[in-house]
Colleague: 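Provided herewith is a single structure, encoded as structure tokens, for subsequent inquiry.
Please read all numbers here as calculations on a predicted model, not as lab measurements. In what follows, every heavy atom counts, from backbone to side chain, and hydrogens, waters and symmetry copies are set aside.
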Amino acid sequence: MNYPPSYDTFPYPPYDRYPIPAVYYPAYWVWDRDFPPVDTKVLSHSVATSQNLLRDASLLIQKLADPAIASQLMSNAQKGNQKEVERIIQTFGIESIILTRFTPSVVHFTIDPRVPEKQCCEMVLSLKWGK
């Protein structure tokens with residue numbers, strides 16, 4: 001059976017004990033890559049939209065800090081009344097679309113921009129509300 005040469009010894013000093021690491025021999029494609037010119041329009045749009053989403057997430061957190069609203073939201077979620085949970089959230093005056101999912105221990109808010117044809121970003125806010 002033919003085995004590859006042993007790397008315990010290397011025929012040339014001073015590498016008599018260790019092989020030359022492969023990191024010193026980069027693959028051929030490292031030198032030959034061409035990149036397109038950088039265009040930041042899409043990133044700039046995502047950043048601007050994300051700032052609006054962050055503002056809406058902050059408003060959502062402020063409203064949920066009110067114990068009366070939090071209690072009302074949690075009791076309707078516990079009853080499985082999804083439509084009432086969504087109605088409560090819509091009264092907050094948030095400009096973005098908010099999709100709500102909940103379990104007995106966590107509520108997830110997915111905050112999307114209002115422009116569905118230019119879906120650039122979304123924000124998911126998960127808040128623990130049970131054990």
Colleague: Measuring from atom SG of Cys121 to atom CD of Gln51, what distance do you get when rounded to the nearest 0.5 angstrom?
Modeller: 10.5 Å
Colleague: Donor-acceptor pair, Ser75 side chain versus Gln72 backbone, under 3.5 Å?
Modeller: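 Checked: pair present.
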Colleague: Answer with yes or no whether the hydrophobic clustering places Leu54 together with Val124; edges join I, L, V, M, F, W, Y residues whose side-chain heavy atoms lie under 4.5 Å apart.
Modeller: no
Colleague: Which residue in the set Gln78, His108, Gln82, Met74 passes side chain to side chain contact (heavy atoms under 4.5 Å, CB included) when paired with Phe102?
Modeller: Gln82
Colleague: Is it the case that the side chain of Trp129 and the backbone of Thr103 share a donor-acceptor pair, with hydrogens and angles ignored and the cut-off at 3.5 Å?
Modeller: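 Yes.
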Colleague: Looking only at heavy atoms, what is the nearest atom pair of Ala77 and Val85, with distance?
Modeller: N-CG2, 3.7 Å
Colleague: Drop me the distance from Leu125's CG to Thr110's OG1, to the nearest 0.5 angstrom.
Modeller: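 It comes to 9.0 Å.
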Colleague: Return the set of residues passing side chain to side chain donor-acceptor pair (under 3.5 Å) with Arg87 (not counting sequence neighbours), or none when no residue passes.
Modeller: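 Side chain to side chain donor-acceptor pair (under 3.5 Å) check on Arg87 returns Glu84.
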Colleague: Taking Leu43's backbone N and O only, do any of them form a donor-acceptor pair with Thr40's side chain (distance below 3.5 Å, no angle check)?
Modeller: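 A pair under 3.5 Å: no.
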Colleague: What's the separation between atom SG in Cys120 and atom CG in Asp112, rounded to the nearest 0.5 Å?
Modeller: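 Here the interatomic distance stands at 9.5 Å.
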Colleague: Can you measure from NZ (Lys128) to OG (Ser105) and round to the nearest 0.5 angstrom?
Modeller: 5.5 Å
Colleague: Could you give the distance from CZ (Phe92) to CD1 (Ile61), rounded to the nearest 0.5 Å?
Modeller: 10.0 Å
Colleague: Can any side-chain N or O of Ser71 pair as donor or acceptor with the backbone N or O of Ala68 at less than 3.5 Å?
Modeller: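 Absent.
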Colleague: Pair up each side-chain donor or acceptor in residues 93-100 with any protein partner under 3.5 Å, not counting sequence neighbours, and list the distances.
Modeller:
residue	atom	partner	partner atom	Å
Ser96	OG	Asp56	OD2	2.4

Colleague: If we count only N and O atoms by modelled type, under 3.5 Å, do the side chains of Glu86 and Gln90 hold a donor and an acceptor together?
Modeller: no
Colleague: Can you confirm whether Pro113 sits close enough to Leu53 that some side-chain heavy atom of one is under 4.5 Å from a side-chain heavy atom of the other?
Modeller: yes
Colleague: For the atom pair CG (Leu64) and CG (Leu59), what is the distance rounded to the nearest 0.5 Å?
Modeller: 9.5 Å
